[in-house]
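Working notes for the structure below.
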There are 2 protein chains.
Amino acid sequence: MSEKTPDVAPAVLRNNASLFAALGDATRLDLLMHMTTGEPRSITRLSRHSALSRQAITKHLRVLEDAGLVRSKSRGREKLFGLEPGALDETRHALDMISKQWDESLARLKAWVEDPG
Amino acid sequence: MSEKTPDVAPAVLRNNASLFAALGDATRLDLLMHMTTGEPRSITRLSRHSALSRQAITKHLRVLEDAGLVRSKSRGREKLFGLEPGALDETRHALDMISKQWDESLARLKAWVEDPG
DNA sequence: TTAATATGCAACCATAGGGTTGCATATTAA
DNA sequence: TTAATATGCAACCCTATGGTTGCATATTAA
């Protein structure tokens, strides 16, 4: 740490690892997108969009729920999944922060960046 | 697809899966944060911050590079890694998009959201 | 009551992911 | 030329992850 820049954007980002990991799967992103429209859906219904088994979808939904991206509610024999409000806010904020640091850092290193090879 | 809402925010997000996956690891987030300060660093230097072996760090750096988050340049016997400008922009944009959809969707379902359990 | 539907649970499988160590090779410093 | 430094490559290991199938159980519809 001998830089002139103080260590902003510290451990913050690190805490988002599991959230990013949850987003790091195409099937789960598909599920999220389907949920981005209309009312909460049952597991069976969400499974219809996919070629995967219901169990596979169930597991993915659990990952999303653990990551706090999704919330579930049991209604009768079915379990409805919907989006968790504000779940992405924190992550977006973290990304904005690091992105800002990024730009500042790069501005200082313009010369190297422009002649990388 | 019998909803009244058209399927916006389509495959876009899906394409970011590998990028999110790359961000979904604490070690890699640490590396990124270290790179967010100062000039490009060699593998050995980046390894010093961690308890992991140089090889482990090398692998992580490769993942970051494949995801387009980082760029490397060989200088003499060492390989320097630095941030890839604008790498996060696309992702941030995708997140903003889905987040917007999210909010709209949730607004429509306020009743359910307010009484989840 | 009976049949159909929606899940949950558990056992299993194969592969990808994260780490390590040892050895070879290219640069740079003495 | 020799020694030290920075990487690359490859073989292994163990565990997590993503999927499957079969069976049990709770609800709802006939």
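Each chain gets a letter, A, B and so on, in the order its sequence line appears, and its residues count up from 1.
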Considering non-hydrogen atoms only, spot the tightest contact between [X] and [Y] and give its length.
| X | Y | answer |
| --- | --- | --- |
| B/His49 | B/Arg45 | CD2-O, 3.9 Å |
| A/Leu83 | A/Pro85 | O-CD, 3.4 Å |
| B/Leu46 | B/Met35 | CD2-CG, 4.1 Å |
| B/Ser18 | B/Ala67 | O-CB, 4.4 Å |

Which donor-acceptor pairs under 3.5 Å do the side chains of residues 21-33 of chain A make with protein atoms, sequence neighbours left out?
unit_1: A/Asp25; atom_1: OD1; unit_2: A/Thr27; atom_2: N; d: 2.8
unit_1: A/Asp25; atom_1: OD1; unit_2: A/Arg28; atom_2: N; d: 3.1
unit_1: A/Arg28; atom_1: NE; unit_2: A/Ala22; atom_2: O; d: 2.7
unit_1: A/Arg28; atom_1: NH1; unit_2: A/His60; atom_2: ND1; d: 3.0
unit_1: A/Arg28; atom_1: NH2; unit_2: A/Ala21; atom_2: O; d: 3.4
unit_1: A/Asp30; atom_1: OD1; unit_2: B/Arg14; atom_2: NE; d: 2.9
unit_1: A/Asp30; atom_1: OD2; unit_2: B/Arg14; atom_2: NE; d: 2.7
unit_1: A/Asp30; atom_1: OD2; unit_2: B/Arg14; atom_2: NH2; d: 3.1

Mind listing the residues from residues 55-62 of chain B sitting with a heavy atom below 4.0 Å of DNA chain C? Number order is fine.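 Within this stretch, B/Gln55, B/Ala56, B/Lys59, B/His60 sit under 4.0 Å of the strand.
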Please test B/Glu90 against B/His93 for side-chain contact (heavy atoms from CB on, under 4.5 Å), starting from the C-alpha separation and ending with a verdict. CA-CA 5 Å; B/Glu90 191 186 354; B/His93 191 240; 5.6 Å; no
Between A/Gly76 and A/Ala51, who's closer to the 5' end of DNA chain D by nearest nucleotide? A/Ala51
Students often get this wrong, so: under 4.0 angstrom with heavy atoms, is A/Arg75 touching a base, only sugar-phosphate, or nothing? nothing
How would you give the extent of chain A contacts on DNA chain C, as first and last nucleotide 5' to 3' within a 4.0 Å heavy-atom cut-off?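 The footprint of chain A covers C/dA4 to C/dC9.
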Show me the pairs that pass salt bridge (charged side-chain N to carboxylate O under 4.0 Å, His left out) and involve residues 49-69 of chain B, at least two apart or across chains.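 Sorted result for residues 49-69 of chain B: B/Arg62-B/Asp66.
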Rounded interatomic separation in angstrom, taking CG from A/Leu31 and P from D/dG19: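 The distance from CG of A/Leu31 to P of D/dG19 comes to 10 Å, rounded to the nearest Å.
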Worked verdict on B/Ser72 versus B/Leu80 for side-chain contact (heavy atoms from CB on, under 4.5 Å): CA-CA 5 Å; B/Ser72 69; B/Leu80 305 180; over 6 Å; no
Which is it for A/Ile57 and A/Thr44 under the side-chain contact (heavy atoms from CB on, under 4.5 Å) test, yes or no, and what are the steps along the way? CA-CA 9 Å; A/Ile57 300 298; A/Thr44 299; over 6 Å; no
Pairs counted only when both distances fall under 3.5 Å, Watson-Crick or G-U: show me the 5' to 3' dot-bracket for DNA chain D, [ ] for pseudoknotted crossings and | for other-strand partners. ||||||||||||||||||||||||||||||
By salt bridge (Lys or Arg N to Asp or Glu O under 4.0 Å) - contacts of A/Arg48 (at least two apart): none
